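What you see is a predicted model; the values in this text were computed from it and never measured. Side chains are part of it too, since the values below use all heavy atoms of this structure and drop only hydrogens, waters and symmetry mates.
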Amino acid sequence: MAGYMPSKRDSIYLEIAGDLKDSQVFFSEPMANHTSFKIGGPCDLLVIPKTGDDAMKAWSKCRNLNVPCYVVGNCTNLLVKDGGFRGCIIKLSPYLSSITRDNNMLIISSGTLLQEALEASVRFGLSGLEFSAGIPGSLGGAVTMNAGAFGSDIGSLVKRVEVYTLDDEKHWIPASTLDFSYRHSLFSDRKDLLILSVELVLTPGRVDEIQKTVRKYLRERRAKQPLDLPSAGSIFKRPQGRYVGEMIEMLGLKGFSCGDAMISPKHAGFIVNTGNATAEDVLTLMEIVKKRVYEEFGVMLEPEIVVIGED
């Protein structure tokens, strides 16, 4: 365990932590240490399980004790507010990582990084995950938000997802009932299901051709995206028939800053942390962009990043 030990009034967190034998447990842990944005106030209890059993235990215990609980993957699409999170955050990456092959299918645990899954698919000569080249998230997070790029998305590859329920049961949900759409899935709305594993159906292909496509996508991503500064990826969802970065650039807002949060001069669809940005800096900048885009183009932008916590 790391961080300070909670007082008696925080004994509920000790009760949760006491049941976890194979986890990293932190009290009052700054989430800036764990998010790709390098931003975020303290979480009362952060659990990084090393086994699926501990993940299920922590999740179930929080529910039984009425402790607010939020499950994250690799924290690459997350903004935690400056007041932190009152409750428990369960971070499934990096330890809950495993990949099993069954012919042209891969069964992947939810904490596995997309890049690990992509590398495995290349080794096996299986095509379909090339679009994920350079995306830093985990499989569970990718499925939840139906991550995609270059005209493809993860939902189109999913056959079924294994979940743990509030009834302490594990079962598989078929893709046909997972409501995949642009940056959305059943798990975007349902917080009573814990994703354990994902089964993907891929297509046999030539390793050299798959590698060629991966290299092409990586080059494009590096050329267009600000990968040298902390960010949480695209800040806003793409509206129908429009490109967010293009609209922001037309408004002359590239390089515009609030505190140390700045609209990237490289790609206006990204907000980057140039030093010690706060969540308030980012949220203020987002509101300015939303207001200006609506006034100029009549388009109401929706956040693509997930925002949790207290001001």
Side-chain angles (χ1 to χ4, degrees), residues 12-13 15-17 19-20 23 25 29 31 34-35 37 40-49 51-81 83-93 96 108-112 137-147 153-155 158 160-198 232-233 237 279 302-311:
I12 192 169
Y13 296 124
E15 183 176 347
I16 295 168
D19 275 349
L20 307 177
S23 294
V25 178
E29 173 70 2
M31 288 305 295
H34 300 273
T35 65
F37 234 148
C43 171
D44 288 348
L45 176 65
L46 173 66
V47 175
I48 308 178
T51 65
D53 283 346
D54 262 13
M56 290 185 285
K57 243 184 241 180
W59 188 74
S60 181
K61 194 86 172 181
C62 286
R63 297 289 180 170
N64 292 338
L65 293 172
N66 294 314
V67 171
C69 180
Y70 197 82
V71 180
V72 299
N74 200 34
C75 296
T76 56
N77 189 45
L78 181 69
L79 177 65
V80 181
K81 291 184 178 181
F85 185 79
R86 303 287 73 78
C88 175
I89 291 178
I90 301 174
K91 184 175 184 287
L92 299 182
S93 286
L96 296 187
I108 307 171
S109 58
S110 61
T112 306
S138 67
L139 253 294
V143 168
T144 297
M145 68 167 292
N146 191 20
D153 58 54
I154 196 75
V158 173
R160 55 181 185 160
V161 175
E162 185 185 28
V163 299
Y164 183 62
T165 72
L166 294 181
D167 298 323
D168 297 323
E169 294 180 351
K170 292 192 287 185
H171 65 87
W172 290 89
I173 303 178
S176 59
T177 62
L178 292 179
D179 194 25
F180 285 117
S181 58
Y182 177 71
R183 300 298 178 265
H184 177 271
S185 76
L186 172 75
F187 304 108
S188 306
D189 307 316
R190 293 277 300 272
K191 303 307 178 186
D192 57 338
L193 299 170
L194 176 65
I195 299 176
L196 300 176
S197 301
V198 180
K237 295 179 181 178
E302 295 181 39
E304 183 166 316
I305 62 169
V306 175
V307 181
I308 63 171
E310 300 185 0
D311 296 323

Asks: Quick one, Glu29 and Leu45 - any side-chain contact, counting heavy atoms below 4.5 Å?
Replies: no
Asks: What distance do Cys69 atom SG and Ile16 atom CD1 have between them, rounded to the nearest 0.5 Å?
Replies: 8.0 Å
Asks: Which pairs, with at least one residue in residues 61-75 and sequence neighbours excluded, count as a side-chain hydrogen bond (donor to acceptor under 3.5 Å, both in side chains)?
Replies: Asp19-Lys61
Asks: Can you find a pair of side-chain heavy atoms, one from Ile12 and one from Val67, that are under 4.5 Å apart?
Replies: yes
Asks: Set out, in order, the CA-CA distance, both residues' side-chain angles and the distance that settles side-chain contact (heavy atoms from CB on, under 4.5 Å) for Val143 and Val158, then state yes or no.
Replies: CA-CA 8 Å; Val143 168; Val158 173; 4.3 Å; yes
Asks: Looking only at non-hydrogen atoms, find the nearest pair between Leu78 and Cys75 and report the distance.
Replies: CD2-SG, 4.1 Å
Asks: Checking the side chain of Asn77 only, and the main-chain atoms of Gly137 only, is there a donor and an acceptor separated by less than 3.5 Å?
Replies: no
Asks: Can you check whether Ser185's main-chain N or O pairs, donor with acceptor, with Asn146's side chain at less than 3.5 Å?
Replies: no
Asks: With side-chain contact (heavy atoms from CB on, under 4.5 Å) as the test, would you mind laying out the steps for Leu196 and Met56 before giving the verdict?
Replies: CA-CA 9 Å; Leu196 300 176; Met56 290 185 285; 4.0 Å; yes
Asks: Grab the two heavy atoms, one from Gly309 and one from Lys81, that are nearest each other, plus how far apart they are.
Replies: O-CD, 3.5 Å
Asks: Does NZ belonging to Lys170 count more than 12 external heavy atoms closer than 6.0 Å?
Replies: no
Asks: Looking at CG of Leu92 and CD1 of Ile195, how far apart are the two atoms once the value is rounded to the nearest 0.5 Å?
Replies: 9.0 Å
Asks: As an exercise, state the distance from CE of Met31 to CD1 of Ile89, rounded to the nearest 0.5 Å.
Replies: 4.0 Å
Asks: With a 3.5 Å cut-off and sequence neighbours excluded, list the donor-acceptor pairs that the side chains of residues 171-182 form with protein atoms.
Replies:
| residue | atom | partner | partner atom | Å |
| --- | --- | --- | --- | --- |
| Thr177 | OG1 | Pro174 | O | 3.0 |
| Tyr182 | OH | Arg238 | N | 2.9 |

Asks: Taking C-beta and beyond as the side chain, do Val161 and Phe187 meet within less than 4.5 Å on heavy atoms?
Replies: yes
Asks: How long is the straight-line distance from CD1 of Ile305 back to CE of Met145, given to the nearest 0.5 Å?
Replies: 10.5 Å
Asks: Of all the heavy-atom pairs spanning Cys88 and Cys62, show the shortest one and how long it is.
Replies: CB-SG, 3.6 Å
Asks: Mind checking the CD1-CG spacing from Ile108 to Leu96? Nearest 0.5 Å is all I need.
Replies: 14.0 Å
Asks: Counting only heavy atoms from other residues, nucleotides and ligands, does the tally under 6.0 Å from CG of Asp311 exceed 12?
Replies: no
Asks: Under the side-chain contact (heavy atoms from CB on, under 4.5 Å) criterion, do Glu162 and Val198 qualify, and how do the steps go?
Replies: CA-CA 6 Å; Glu162 185 185 28; Val198 180; over 6 Å; no
Asks: Please check: side-chain N/O of Ser23 versus main-chain N/O of Val25, any donor-acceptor pairing under 3.5 Å?
Replies: no
Asks: Hey, does Leu193 have a side-chain heavy atom less than 4.5 Å from the side chain of Thr165?
Replies: yes
Asks: Could you pull out the closest heavy-atom pair between Pro68 and Phe85, with the gap in Å?
Replies: O-CE2, 3.8 Å
Asks: Nearest heavy-atom pair of Asp168 and Ser60: which atoms, and what distance?
Replies: OD1-OG, 3.1 Å
Asks: Check Ser138 against Ser93 and note the closest heavy-atom contact, atom names and distance.
Replies: CB-OG, 3.5 Å
Asks: Once rounded to the nearest 0.5 Å, what's the spacing between atom CZ of Arg183 and atom OG1 of Thr144?
Replies: 13.0 Å
Asks: Considering residues at least two apart in sequence or located in another chain, which fulfil the salt bridge (Lys or Arg N to Asp or Glu O under 4.0 Å) criterion with Asp153?
Replies: none
